[in-house]
Amino acid sequence: MNERYDFKSVESKWQKYWEENKSFKTFEDKDKEKYYVLEMFPYPSGKLHMGHVRNYAIGDVVARCKKMQGFNVLHPIGFDSFGLPAENAAIKHGVEPGKWTWDNIHEMEGQLRQLGLSYDWDREVQTCSPDYYKWMQWIFIQFYKKGLAYKKENPVNWCPSCQTVLANEQVVDGCCERCKTPVGKKNLSQWYFKITDYADRLLDNLDTLTGWPEKVKTMQRNWIGRSVGAKIAFKIDGTDLSMDVFTTRADTLFGVTYMVMAPEHPYVEGLVKGTEYEAPVKEYLDKVQHMNDIERTSTTNEKTGVFIGKYAINPVNGKKVPIYISDYVLMGYGTGAIMAVPAHDQRDFDFAKKFDLEIIPVVDPGNPDIDINNLTEAFAAEGTMINSGKFDGMNNRKAIDAMIEWLNDEGIGEKTINYRLRDWLISRQRYWGTPIPMIYCEDCGWVPEKEENLPVLLPTDVEFTGKGASPLTTSKSFGECTCPRCGKKAKREMDTMDTFLDSSWYFLRYCDAKNDKAAFDKEKTDYWMNVDQYIGGVEHAILHLMYARFFQMALHDLGLVKDEEPFKNLLTQGMVNKDGKKMSKSIGNVVSPEEIMGKYGADTARLFILFAAPPERELDWSDEGVEGSYRFLNRVYRLVYDFNKNYSGDGSENFDITTDADKELNYVLNGTIKKVTEDVGGRFSFNTAISSIMELVNCLYRYRERPDVNEAFMKKAIDTLVIVLSPFTPHICEEMWEGLGHSDTLVNVPWPKYDESALVLDTVEIVVQINGRVKEKLDIATGMTREDMEKTVMAEPSVQALTEGKQIVKVIAVPDKLVNIVVK
RNA sequence: GCCGGAAUGGCGGAAUUGGCAGACGCACGGGACUUAAAAUCCCGCGAUCCUUACCGAUCGUACCGGUUCGACCCCGGUUUCCGGCACCA
């Protein structure tokens with residue numbers, strides 16, 4: 001141990017030590033309780049940013065702490081390494097996507113090692129490696145065989161800039177999640193996963209995820225968007241057709257005055273063919289189809305539509321009502337058609353006003369301020385049924401179920417549940433992704449590649465022009481193949497998989513990363529899964545976290561994994577900002593981890609980022625704060641160095657705690673162990689854990705100034721300080737640990753236990769309140785009964801002075817805390 | 001509009017079960033050491049008032065009200081901010 005804290009040599013020394021000794025290598029060990037801590041793996045963009053540092057620092061503290069507490073800890077890392085940036089680099093700079101990606105991976109591996117993270121590097125996974133995507137393809141085939149994957153032509157989201165389709169989840173405010181370009185619609189034949197089959201389970205299981213933030217669960221609930229209602233059939237007058245509508249307001253059925261179909265509804269073309277309505281309908285359709293989602297929703301309240309010349313018959317009262325098409329009805333939700341009740345739905349009301357349609361009230365608000373026959377807006381609240389035949393007089397909320405029951409008996413409707421969630425569009429017209437292992441044969445249709453032929457390798461004879469179809473289509477070798485079923489000439493699928501598939505099961509692969517016979521061995525995943533603590537950014541609340549849950553459920557149904565849910569506990573870390581704003585190149589406020597590690601070292605960077613804010617909250621980067629953390633580490637280092645210089649003992653731990661100063665130090669020491677143990681292990685409050693370690697350091701600085709220092713005890717306290725600080729700042733702690741004369745690495749040192757009795761002092765300071773206001777503080781013996789406390793306090797002259805001449809109404813005593821005297 | 005979360009000194013934040021509001025750190029001010037500076041160590045640091053000073057008093061956790069001996073914490077209402085969903089029938 002040098003006199004000065006030289007973080008550069010200390011950090012490289014211990015990183016080398018951990019690596020050479022394989023300090024973090026993990027095996028399945030049935031005799032030990034396992035703990036799986038996982039941080040969301042990074043995309044290899046080139047360099048780490050502060051968000052990564054925060055994510056991995058949090059995970060590393062948990063991993064190191066659990067390991068010292070005797071758990072068999074799985075703490076892996078890898079790279080989510082397929083995706084568009086690699087391909088864009090190829091187009092822009094002519095670098096091969098594979099080379100670009102692997103160079104970045106190596107760069108980032110180096111940076112992660114510099115942070116001193118306790119990963120088992122032997123389990124590293126890269127999703128762009130054939131060893132990985134082979135099993136991705138295998139899983140795809142299992143899903144296909146199970147009927148979970150299908151190809152279908154549909155209007156899909158198309159990003160003109162990325163030149164590919166997007167899943168609904170990747171369209172944010174009508175724009176591409178990645179490049180922010182407005183997304184258009186295209187009719188294309190694409191591969192889907194039937195995630196909607198799992199809508200109910202994805203929703204209901206959320207209640208079992210007690211270790212998840214409420215915020216994330218709410219976001220997923222909103223996204224799945226379950227609504228319970230009824231499907232009702234309306235006959236179309238003068239045809240054999242019947243149109244189904246979905247409604248959550250079956251109680252308003254008698255108030256229907258018109259119907260609306262989505263412009264894309266399959267009936268529309270046939271219904272207007274050859275009539276005078278054909279031309280205006282076609283014109284409207286053209287207009288709607290040329291709008292992207294932003295334009296379509298920007299005219300929020302201004303309703304448009306066209307009458308199609310046909311009428312529907314209300315099954316409950318035989319009333320003939322006109323059918324319109326309008327873009328406020330969406331083909332993708334419900335049945336793509338609605339019954340319109342302008343009196344009780346604002347959208348229908350706006351439309352009815354514009355087209356001068358009838359408005360029939362069927363729910364009476366029972367409020368004299370509302371003129372039910374002359375509404376100025378739709379009445380959507382609770383009321384009493386009117387104009388509704390036998391339902392009149394009933395509460396409308398109760399009438400919903402009664403109406404559905406009746407419709408069911410009459411055979412004209414039934415209870416239905418609808419979801420906002422759509423099937424997951426998983427194919428992409430891009431090169432740098434897992435090839436979809438499907439083959440199209442003229443005779444056999446779509447056939448999966450034979451499993452023994454996996455992986456279907458990405459070809460390298462491709463061109464990146466940035467124009468036209470996917471680069472894969474430029475390969476001479478890739479497309480041609482034979483049908484795995486009949487052996488005839490056939491064509492390979494040219495699309496690749498959405499990279500969100502790769503990240504939907506990587507946590508399973510970590511359990512058995514090097515398996516070349518299977519995606520993973522069930523015995524191993526049974527041992528390690530599920531993930532005890534998952535840590536990552538809240539931006540993945542819907543996309544990744546829902547897809548991964550879906551994968552786990554589907555794999556569970558295939559008998560491949562034990563649990564239905566992959567992540568037991570979830571911690572969503574807040575963003576790292578600078579000056580209250582997101583760090584970004586365009587603002588120019590980016591602080592790079594490289595720069596900070598170079599100036600202060602990894603330990604300081606880790607310490608600051610954990611100390612500056614609780615993990616879930618946003619963290620504002622502060623250069624002064626970093627200085628403070630660096631100062632603290634120097635302060636600890638000096639404490640240990642100075643102690644060593646003067647230490648004359650032989651390492652013996654025999655000592656007595658005698659003086660008041662000993663007792664105080666013992667109290668603070670045990671309090672710190674308790675606080676750090678609970679804050680790290682229980683509630684992930686790293687900032688308060690660190691603050692209590694700082695208090696211990698302050699206490700030791702005071703203690704060492706005393707003339708009667710108990711050297712053996714102080715050694716014990718300093719040893720313990722170094723142990724509890726080590727999960728946060730491992731390098732400097734290893735160095736100090738060695739300096740303190742220990743030969744073993746801190747990684748395997750058992751976590752200290754605290755002595756509850758040391759936390760009980762002989763006397764305790766209590767507060768004396770008069771009418772709830774603090775007036776006096778007294779030292780009394782610990783553990784006094786309420787009665788004794790009251791007697792002691794009342795006998796105190798200062799208290800008597802305070803209550804003099806007043807009538808004592810009541811005295812409340814809380815043991816070891818306070819006495820409150822209520823006076824008049 | 002619906003749903004979720006938040007609001008505490010100059011700043012980041014603490015108070016874990018209803019019991020001393022402001023731990024710990026940053027910034028700032030003062031002192032010690034030094035020829036000097038840096039570093040380090042020590043002290044102070046919510047507001048207002050009283051006081052030469054000490055001592056003390058009052059107010060104070062977004063706002064209004066309630067429950068309680070006692071409320072940052074529980075209940076009712078309001079405001080602002082952040083996030084999600086939204087022409088979803």
Side-chain angles (χ1 to χ4, degrees), chain A residues 172-173 213-227 229-230 245-249 252 260 262 296-297 299-303 326-330 332-341 344-348 350-351 380 418-421 538-539 541-542 574 607-608 611-614 616-629 631-632 634-635 638 675 678-679 682-683 685 687-698 701-702 705 765-777 809-823:
Chain A
V172 179
D173 297 330
E214 204 50 49
K215 181 181 174 178
V216 173
K217 291 196 275 187
T218 305
M219 282 165 74
Q220 293 210 359
R221 284 191 189 104
N222 283 343
W223 189 263
I224 296 166
R226 171 156 75 181
S227 41
V245 299
F246 173 74
T247 181
T248 55
R249 294 293 306 274
T252 62
V260 188
R296 207 167 151 165
T297 51
T299 52
T300 313
N301 284 318
E302 192 58 32
K303 296 282 180 288
S326 172
D327 63 358
Y328 85 88
V329 174
L330 311 172
Y333 184 76
T335 63
I338 60 150
M339 59 179 220
V341 186
H344 304 293
D345 180 286
Q346 192 57 40
R347 292 154 298 174
D348 297 348
D350 295 338
F351 191 89
N418 247 300
Y419 302 92
R420 215 190 67 93
L421 181 73
V538 74
E539 66 272 18
I542 298 173
L607 185 72
F608 168 71
F611 179 61
E616 306 231 48
R617 233 185 277 189
E618 283 191 350
L619 182 154
D620 206 68
W621 188 267
S622 145
D623 293 333
E624 293 83 7
V626 180
E627 292 275 359
S629 293
R631 261 201 303 268
F632 171 72
N634 275 289
R635 192 167 148 85
R638 272 196 310 275
K675 181 120 184 91
E678 289 173 356
D679 284 358
R683 50 180 209 144
S685 179
N687 53 333
T688 53
I690 293 166
S691 78
S692 89
I693 295 173
M694 288 172 167
E695 285 178 74
L696 174 59
V697 172
N698 292 342
Y701 264 83
R702 285 195 302 274
E705 295 305 317
E765 189 186 60
I766 62 151
V767 171
V768 181
Q769 297 180 334
I770 308 286
N771 289 346
R773 315 186 72 91
V774 180
K775 293 287 176 184
E776 197 64 48
K777 290 176 185 180
V809 181
K810 197 173 173 185
V811 177
I812 292 120
V814 181
D816 297 343
K817 285 244 164 74
L818 63 83
V819 172
N820 186 14
I821 305 161
V822 186
V823 298

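Order of the sequence lines sets the chain letters (A, B, ...), proteins ahead of strands, with each chain counted from 1. Side chains are part of it too, since the values below use all heavy atoms of this structure and drop only hydrogens, waters and symmetry mates.
At a cut-off of 3.5 angstrom, counting only N and O atoms as typed in the model, there is a donor on one side and an acceptor on the other between the side-chain of K303(A) and the base of C87(B). On a pure distance criterion of 3.5 Å, no polar donor-acceptor pair joins the side chain of N222(A) and the base of C85(B).
Between S326(A) and C87(B) there is no side-chain N or O to OP1 or OP2 distance below 4.0 Å. In this structure, N687(A) reaches the A14(B) phosphate: one of its side-chain N or O atoms is under 4.0 Å from OP1 or OP2. Between R631(A) and C24(B), a side-chain N or O to OP1/OP2 separation shorter than 4.0 Å is absent. Look at R773(A) and you won't find any side-chain N or O under 4.0 angstrom from OP1 or OP2 of G19(B). At least one side-chain nitrogen or oxygen of R617(A) sits closer than 4.0 Å to the OP1 or OP2 atom of A14(B).
Taking the C1' atoms as reference points, G4(B) lies 22 Å from U8(B), given to the whole Å.
In the set G12(B), G4(B), C20(B), the nucleotide with an atom closest to the side chain of F611(A) is G12(B).
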Pair assignment for RNA chain B - dot-bracket with | for other-strand partners, Watson-Crick or G-U under 3.5 Å: (((((((..(((......[....))).(((((.......))))).((((......))))..(((((..]....))))))))))))....
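Note on E624(A) versus R631(A): no salt bridge recorded, every NZ/NE/NH1/NH2 to OD/OE distance being 4.0 Å or above.
Proximity of a side-chain donor or acceptor of N771(A) to a complementary backbone N or O of V823(A) within less than 3.5 Å is detected.
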